[in-house]
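Note that these values count all heavy atoms, side chains included, but never hydrogens, waters or copies made by symmetry. Convention: sequence-line order gives letters A, B, ...; per-chain numbering from 1.
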Amino acid sequence: MIDKYNAPEIEKKWQKKWADDKLYEVKEDSKRPKWYALTMFPYTSGDLHIGHWYAMAPSDVYARFKRLQGYNVLHPMGFDAFGLPAENAAIKRGIHPRKWTMANIENMRRQLKTMGAMYDWNREVITCDPKYYKWTQWFFTKLFQHDLAYRGKAPVNWCPQCQVVLANEQVENGLCWRCETPVVKRDLEQWLFRITKYADELMEHEGIDWPERIQIMQKNWVGKSYGTEVSFALDHPSVAEKEIKVFTTRPDTVFGVTFMVLAPEHPLVAKLTTPDKKAEVEAYVARTRRFTEIERLSTEKEKDGVFTGAYVTNRLTGDKVPVWIADYVLVGYGTGAVMAVPAHDERDFAFAKKYNIPIKTVISPPEWKGEELENAYIDDGTMINSSQFNGLPNREGTKAVTAFLEQKGWGKGTISYRMRDWLISRQRYWGAPIPMIYCDKCGTVPVPEKDLPVLLPEEADFSHQGESPLKYNEKWVNTKCPKCGSPGKRETDTIDGFMCSSWYFLRYCSPHYDKAAFDPEKTKYWMPVDIYTGGAEHAVMHLLYARFFTKAIRDMGLIDFGEPFKRLFNQGIIIADHQKMSKSKGNVINPDAYVNELGVDTVRAYMMFMGPWEQGGEWFDTGISGVSRWLNRIWKLALEEYQPKINDATAMKELERITHQIIKKITGDMDRLRFNTMIAALMEYTNYLNKVKESANVTNDAWQNSIEKLVLMIAPTAPHLAEELWHRTGHKYSIHNQPWPKWDEELAKEDEITLVVQVNGKLRDRITIPASITEEEAKKMSQASEKIKPFIQGQKVVNIIYVPGKLVNIVVR
RNA sequence: GCCGGGAUGGCGGAACUGGCAGACGCAGAGGACUUAAAAUCCUCCGGAGCAAUCCUUGUGGGUUCGAGUCCCUCUCCCGGCACCA
């Protein structure tokens, strides 16, 4: 009798041995092809839940598969450790953010180690470590020197709960991405990165294998649109500007302009407003500022606005155009001003109706007889009421009007982007300090490399009503200007955590290097990342930032590639009780209990088996028991004595054939990351081997060979069980240094196949034929079948379709 | 509203290029072993029908010798964006 499969015991044993032997530590090796398998590192929130496991375990399976295939695999892990929750914990419970974060890291690292992943812990990266953020700060100064970081005053997204500004990407439906508090606008001096400089390149995903979905999301986020800038003449005694520019994608409708709308924040608003309108305009502007983003952007909200009393002139028609303000015009897009053409824009139409502004049709709908429009007509048509452009189809008119404007100097073709620059200042303590010093004489001076890192002071007094302790830390704030030595003050804002995660994949290549952010040689060897896996929620945040960062430092000459991640894969999410897991619903699955009872290999295998990785799935306790039974069957199959009774040549041949077929199938499924069908195929093979064992009709050598292949093929999924079985079946340590089994196409070939015979597309018979059969013979045999005869008798065979090796379809009439 | 993705047995899912629908697993039923239970093993398992056979991949249509797969229509679900001029 063999002993029971005691998974927890075996797992602990091998984990210790692997760690002692440094089995998973990797070095650059020019003799083997490299493979960089990266999983998005977790934020240090405290506990790893099953969602983290679902992100990490399958990528570990794939990385292990690549290792067995002979690649030199870099599979690192680290922690995204700067951020608000740490600070909130500090405020609420009086724990220092560093202490809270480091304790969480301890716990998460321990949990990660039980997962049995082949992480090279020697390369661990923690973003709040001064040895790391020194280089985050260094990159900041580089971006500043290359004019990619700048300070600007602008209305910004402000979360009143977190007491912090947010980048556009970090506002979801008008709510803060972290705490879901409605975001409001504030005017603040902020540091921004010129990500818009790379807008065009960020829309391109040439040469990288990313999900179509993510590419589209990024393209939409950048939101490039071609249009025309049109200037309207301004003649106002108290305003120096002689024109107001608008951005439009419909210059073909410029003859239909009956009013202009400025964003309430537009700089000209105060100057333009006539004395009699002043009170009303100011009230409207004040109300806009008070509104949260959701209130302002609500499409339910009726469009409203206020007339400023001022007029501009439409240079094409000479018409006087009243200037309004309305909050549906955004200050950050285009020029913050729009020409309103109510006849051909839904918003302008509603606005004109409300305030009785004239509506002038300039694009004729088909069959239009001059009647009043009931809705804005936004489709294509012929230009009318547009002087020399009358009769032109509007698409052509768009180009013609733009050309005319350019010739007159009244406008030009231009491109507008939806994406804004990346706002990176955070008015918080728990982040990397922005390495800038303000000097009265020298202005804004970056901290030189020799003075980096600008250490985050340990003392953190959170008693200033949510304001950053850094602001009140006199000792820290007051410093000397690195240029002239006179007194200077430090920037007290810290860097958005997303900047820390924009380059961590570079640090993994040489995590202990202290001469620069990364060792250029090692980076050259490992980068770019071959496969990057993680949640789709980062589509327009992390993934856009990391691409921007890579392109920016490429242009500084620090690296020679512009895309950090060759292939991207997004896993799905695991649900429980038909809903997303959450602490408040109390349906969070904690892997620990399953690991302690069934073993981590079972948990890993179950996650693989649940469904396609990109789809996620629902966690069932009954489902995991199926996988547990399977691993137990493998245990017995591999370790119980095999006693051949007879030696059957046909059975031997079949075993060999099926083994080669299964190796081919498993390898293919691995390559396509189809882990669920991979497990299913391995189960089928296990079931088949069980039958072979019962019949005991193959030699012991053949049997042992099959077991060896099976154990190798489960090694990526169940690394501990595989190592134990490898050891117990007399093989040399370690299975994780073995080559992945190969298949022989010839040996995998069937010599007999089942041919499906159809009559008029309906299945009528299956016949077993030699694989080498000719088309002629196959057709003849099909018609000769006893089951087929009644269906073709007395009918005329008009056609016979033959699909080699698959089917014959007899078409009769 | 716009852009993406999806809908297959009681359940999770499989069917890779248009060619046997339902692999594999769960649940269920029956049996073996057992004093008994658990565990394990064997058999059955989309629906109707004694059977031959017929029906069946969200709805309705189309293309094709042949459609879960391709095209069009509609319904519902999930994700993203949402006054971007």
| query | If you pin A:Lys806 and A:Arg672 to their nearest nucleotides in RNA chain B, which one's is more 5'? | reply | A:Arg672
| message | Nearest heavy atom decides the nucleotide; on that basis, is A:Met419 or A:Lys691 closer to the 5' end of RNA chain B? | response | A:Lys691
| Taking only residues two or more places apart in sequence or in another chain, which ones pass salt bridge (Lys or Arg N to Asp or Glu O under 4.0 Å) with A:Lys709? | none
With a 3.5 Å cut-off and sequence neighbours excluded, list the donor-acceptor pairs that the side chains of residues 798-813 of chain A form with protein atoms.
| residue | atom | partner | partner atom | Å |
| --- | --- | --- | --- | --- |
| A:Asn809 | OD1 | A:Asn760 | N | 3.4 |
| A:Asn809 | OD1 | A:Gly761 | N | 2.9 |

| field | NZ or CZ of A:Arg547 within 45° of A:Trp210 ring axis and under 6.0 Å | value | yes
| message | Check this for me: does any side-chain nitrogen of one of A:Glu265 and A:Lys185 sit under 4.0 Å from a carboxylate oxygen of the other? | response | no
| said: Work out how far the C1' atom of B:rG13 is from that of B:rG18, and round it to whole angstrom. | reply: 22 Å
| remark: A:Asn809 CG to B:rG18 C1', in whole Å, measures 13 Å
| field | Spacing between A:Glu346 atom CD and B:rC83 atom P, to the nearest angstrom | value | 14 Å
Under 3.5 Å, which N/O atoms of the protein pair with N/O atoms of nucleotides 23-28 of chain B?
| residue | atom | partner | partner atom | Å |
| --- | --- | --- | --- | --- |
| B:rA23 | O2' | A:Glu684 | OE1 | 3.3 |
| B:rA23 | O2' | A:Glu684 | OE2 | 3.4 |
| B:rG25 | OP1 | A:Asn687 | ND2 | 3.1 |
| B:rC26 | OP1 | A:Arg629 | NH1 | 2.6 |
| B:rC26 | O2' | A:Thr622 | OG1 | 3.1 |

| note | note: A:Lys693, atom NZ; B:rC41, atom C1'; distance rounded to Å ~ 12 Å
| request: If the plane angle is over 60° it's perpendicular, under 30° parallel, otherwise tilted; pick one for A:Tyr355 and A:Trp324. | output: tilted
| said: In whole Å, I'd like the distance from the CE atom of A:Met610 to the P atom of B:rA14. | reply: 13 Å
| task | Kindly state each residue pair satisfying side chain to side chain donor-acceptor pair (under 3.5 Å) with at least one member in residues 330-352 of chain A, sequence neighbours excluded. | result | A:Ser225-A:Tyr333, A:Tyr328-A:Asp348, A:Asp345-A:Arg347
In a table with atom names and distances, give each donor-acceptor pair under 3.5 Å that connects a side chain of residues 681-688 of chain A to protein atoms at least two apart or in another chain.
| residue | atom | partner | partner atom | Å |
| --- | --- | --- | --- | --- |
| A:Tyr685 | OH | A:Thr659 | OG1 | 2.8 |
| A:Thr686 | OG1 | A:Trp630 | NE1 | 2.9 |
| A:Thr686 | OG1 | A:Leu682 | O | 2.7 |
| A:Tyr688 | OH | A:Glu654 | OE1 | 2.9 |
| A:Tyr688 | OH | A:Leu655 | N | 3.4 |

| Would you say B:rA85 has OP1 or OP2 under 4.0 Å from some side-chain N or O of A:Tyr333? | yes
| message | Show me, range against range, the stems involving RNA chain B, built from at least 3 consecutive Watson-Crick or G-U pairs below 3.5 Å. | response | B:1-7 with B:75-81, B:10-12 with B:24-26, B:28-32 with B:40-44, B:46-48 with B:53-55, B:60-62 with B:70-72
| message | Just to verify, what does A:Lys779 make a salt bridge (Lys or Arg N to Asp or Glu O under 4.0 Å) with, not counting sequence neighbours? | response | A:Glu775
| In chain order, what residues pass the salt bridge (Lys or Arg N to Asp or Glu O under 4.0 Å) check against A:Arg420, with sequence neighbours excluded? | none
| said: I want to check one thing: is the phosphate of B:rA82, taken as OP1 and OP2, less than 4.0 Å away from some side-chain N or O of A:Arg418? | reply: yes
| query | For A:Gln615 and B:rA7, what is the distance between atoms CD and C1' respectively, to the nearest whole Å? | reply | 11 Å
Could you write out each protein N or O paired with an N or O of nucleotides 46-57 of chain B at a distance under 3.5 Å?
| residue | atom | partner | partner atom | Å |
| --- | --- | --- | --- | --- |
| B:rC54 | OP1 | A:Arg764 | NH1 | 3.4 |
| B:rC54 | OP1 | A:Arg764 | NH2 | 3.1 |
| B:rC54 | OP2 | A:Arg764 | NH1 | 3.3 |

| query | Mind checking what makes side-chain hydrogen bond (donor to acceptor under 3.5 Å, both in side chains) contact with A:Arg657, not counting sequence neighbours? | reply | A:Glu750
| request: Tell me what A:Val338 touches on the nucleic acid: a base, only sugar-phosphate, or nothing, going by heavy atoms under 4.0 Å. | output: base
| field | Chi class for B:rG9: syn within 90° of 0, otherwise anti | value | syn
| Among all residues two or more places apart in sequence or in another chain, which pass the salt bridge (Lys or Arg N to Asp or Glu O under 4.0 Å) test with A:Arg250? | A:Asp252
Between side-chain atoms of residues 603-618 of chain A and protein atoms elsewhere (two or more places apart, or another chain), which donor-acceptor pairs fall under 3.5 Å?
| residue | atom | partner | partner atom | Å |
| --- | --- | --- | --- | --- |
| A:Arg604 | NE | A:Thr717 | O | 2.9 |
| A:Arg604 | NH1 | A:Asp60 | OD2 | 2.9 |
| A:Arg604 | NH1 | A:Met115 | O | 3.0 |
| A:Arg604 | NH1 | A:Gly116 | O | 3.4 |
| A:Arg604 | NH2 | A:Asp60 | OD2 | 2.7 |
| A:Arg604 | NH2 | A:Pro716 | O | 2.9 |
| A:Tyr606 | OH | A:Phe620 | N | 3.0 |
| A:Tyr606 | OH | A:Phe620 | O | 3.2 |
| A:Trp613 | NE1 | A:Tyr54 | O | 2.9 |
| A:Glu618 | OE1 | A:His578 | ND1 | 3.3 |
| A:Glu618 | OE2 | A:Asp577 | N | 3.2 |
| A:Glu618 | OE2 | A:His578 | N | 3.0 |

| remark: A:Trp630 atom CH2 is separated from B:rC41 atom P, nearest whole Å, by 15 Å
